[in-house]
Amino acid sequence: MKPRGRDIGRQVYLRRPSKGDLEEFVRLNKDSLQLHRGFTSPPTTGAKFTQFLARSRRSDCSCFLICRLSDRRIVGSINLSQIFLGGFRNAYLGYYIGGPYAGQGYMTEALQLVLRHAFVDLKLHRLEANVQPGNAPSIAVLKRAGFRLEGFSPRYLKVCGRWRDHERWAIHAEDWKRGRTKR
């Protein structure tokens with residue numbers, strides 16, 4: 001599948017997942033268990049991948065694989081879930097990078113691509129990302145993108161079998177547009 005123009009960055013592009021991604025995506029996630037431990041539970045089995053694929057096709061989700069332009073390898077995933085339209089125009093942002101690709105700027109670029117999708121294509125007003133306070137790399141990615149800390153929620157989400165505290169980070173369309181003009 002050839003990437004579309006607005007889904008391409010300098011290092012990565014976004015594309016929708018397909019059945020053919022099962023082996024590569026599951027292997028990446030298995031190889032990344034140490035990095036993801038306690039923070040997220042990406043699909044590491046065929047059955048979990050099938051659930052991920054079904055969720056990615058729902059009308060209230062926009063799920064993407066992050067692929068490296070140089071070799072088309074899957075390096076991570078980024079998604080918008082619980083997309084609400086009407087007077088709310090909000091969604092939740094989720095993302096993770098594979099261990100071998102962490103710290104190389106891929107997620108920073110992928111986040112800019114998904115923000116453009118959210119605010120231009122979907123015409124959303126606000127995105128919220130919930131991050132555990134100890135996940136400094138994830139928080140740094142959000143800060144670089146212009147997200148602001150809105151609050152703290154104790155035992156907010158059940159992750160990896162435990163209720164965990166989360167910080168709530170958000171960005172509004174107006175702030176994103178203003179940030180883009182400063183670059």
Side-chain angles (χ1 to χ4, degrees), residues 6-7 9-14 17 29 32 34-43 52 55-56 58 60-66 75-99 101-183:
R6 63 187 311 111
D7 297 332
R10 289 188 313 238
Q11 298 184 88
V12 299
Y13 64 94
L14 303 181
N29 293 333
S32 305
Q34 188 63 35
L35 176 67
H36 297 154
R37 185 174 311 261
F39 292 123
T40 189
S41 299
F52 165 77
R55 191 171 55 253
S56 76
R58 290 181 13 190
D60 66 342
C61 291
S62 280
C63 296
F64 300 98
L65 296 178
I66 304 164
V75 301
S77 178
I78 191 164
N79 67 77
L80 304 174
S81 64
Q82 298 180 36
I83 299 170
F84 295 95
L85 300 176
F88 193 32
R89 305 206 75 79
N90 186 60
Y92 292 96
L93 172 70
Y95 54 91
Y96 50 87
I97 195 78
Y101 307 106
Q104 297 178 44
Y106 298 137
M107 186 55 70
T108 295
E109 188 171 270
L111 181 52
Q112 287 305 316
L113 295 172
V114 90
L115 287 172
R116 181 171 51 209
H117 172 69
F119 295 133
V120 175
D121 299 338
L122 299 178
K123 298 182 180 5
L124 296 180
H125 173 69
R126 180 181 176 278
L127 289 183
E128 181 174 318
N130 295 287
V131 182
Q132 293 177 51
N135 192 344
S138 187
I139 291 169
V141 166
L142 294 174
K143 285 180 178 180
R144 279 192 297 275
F147 281 70
R148 290 177 301 172
L149 179 63
E150 286 192 336
F152 176 81
S153 298
R155 297 174 307 282
Y156 182 63
L157 291 172
K158 195 170 195 176
V159 179
C160 301
R162 289 185 40 215
W163 290 102
R164 298 180 191 262
D165 299 344
H166 281 74
E167 293 178 355
R168 291 186 326 279
W169 291 80
I171 188 169
H172 294 90
E174 299 85 358
D175 297 331
W176 175 75
K177 288 173 187 167
R178 206 171 15 257
R180 288 179 48 87
T181 60
K182 292 179 183 177
R183 293 183 190 147

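These figures come from a predicted structure and were not determined experimentally.
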Problem - Heavy-atom side-chain proximity of L93 to L142 below 4.5 angstrom - result: yes

Handout entry: Electrostatic pair D7:R116 at N-O distance under 4.0 angstrom
Key = no

Fill in the blank from the handout: Residue set satisfying side-chain contact (heavy atoms from CB on, under 4.5 Å) with A140, at least two apart, ordered chain then number -> R144

Problem - With F88 via ring-ring contact (aromatic ring centres under 6.0 Å, His included) - residues at least two apart - result: F84

Problem - Student check: side-chain heavy atoms of I78 and L111 closer than 4.5 Å - result: yes

Practice task
Please check if the side chain of S32 supplies one atom and the backbone of G98 the other of a donor-acceptor pair under 3.5 Å.
Solution key: no

Practice task
Given side-chain contact (heavy atoms from CB on, under 4.5 Å), test R164 with K158 step by step and report yes or no.
Solution key: CA-CA 6 Å; R164 298 180 191 262; K158 195 170 195 176; over 6 Å; no

Exercise for the section: Grab the two heavy atoms, one from C160 and one from T40, that are nearest each other, plus how far apart they are. Expected result: SG-O, 3.6 Å

Completion exercise
Distance col, row I171:CD1 vs K143:NZ, nearest 0.5 angstrom, shows 14.5 Å

Exercise for the section: Kindly indicate whether the side chain of Y92, heavy atoms from C-beta on, has any atom under 4.5 Å from the side chain of L127. Expected result: no

Exercise for the section: Please report the C-alpha distance between Y156 and N130 in whole Å, then the side-chain angles of each, then the deciding distance to 0.1 Å, and finally whether the side-chain contact (heavy atoms from CB on, under 4.5 Å) criterion is met. Expected result: CA-CA 9 Å; Y156 182 63; N130 295 287; 3.3 Å; yes

Problem - Derivation and outcome, side chain to side chain donor-acceptor pair (under 3.5 Å), residues S62 and H117 - result: CA-CA 9 Å; S62 280; H117 172 69; 3.1 Å; yes

Practice task
Tell me yes or no: between the side chains of N90 and R126, is some donor less than 3.5 Å from an acceptor?
Solution key: yes

Handout entry: Within-4.5 Å side-chain heavy-atom neighbours: Y106 and Q11
Key = yes

Exercise for the section: Decide yes or no for Y95 and V114: does some side-chain heavy atom of the first lie under 4.5 Å from some side-chain heavy atom of the second? Expected result: no

Exercise for the section: Answer yes if the side chains of R155 and H166 hold a donor-acceptor pair under 3.5 Å, and no otherwise. Expected result: no

Handout entry: Spacing of E167 atom CD and Q132 atom CD [to the nearest 0.5 Å]
Key = 10.0 Å

Handout entry: Check: K123 side chain, V120 main-chain N or O, donor-acceptor pair, under 3.5 Å
Key = yes

Exercise for the section: Scan residues 78-91 for pairs that pass salt bridge (charged side-chain N to carboxylate O under 4.0 Å, His left out), counting only residues two or more places apart or in two chains. Expected result: none

Problem - CZ-OG distance between F147 and S138, expressed to the nearest 0.5 angstrom - result: 9.5 Å

Practice task
Report yes if some heavy atom in the side chain of L85 is under 4.5 Å from a heavy atom in the side chain of L124; otherwise report no.
Solution key: yes

Exercise for the section: Compare all side-chain heavy atoms of E128 with those of R168 and state whether any distance is below 4.5 angstrom. Expected result: yes

Fill in the blank from the handout: Rounded to the nearest 0.5 Å, the OH atom of Y96 sits from the CG atom of N79 at a distance of 7.5 Å

Handout entry: Considering all heavy atoms, the nearest A110-I66 contact
Key = CB-CD1, 3.6 Å

Problem - Side-chain heavy atoms of S77 within contact of F52, under 4.5 Å - result: yes

Problem - Atom pair CZ (R10) and CD (Q112), whose distance is rounded to the nearest 0.5 Å - result: 10.5 Å

Completion exercise
CG (L35) and CD1 (I97) are apart, to the nearest 0.5 Å, by 9.0 Å

Practice task
Check whether any side-chain N or O of E109 sits under 3.5 Å from a backbone N or O of V12 as a donor-acceptor pair, and report yes or no.
Solution key: yes

Exercise for the section: Classify the ring geometry between W176 and F119 as parallel (under 30°), tilted (30 to 60°) or perpendicular (over 60°). Expected result: tilted

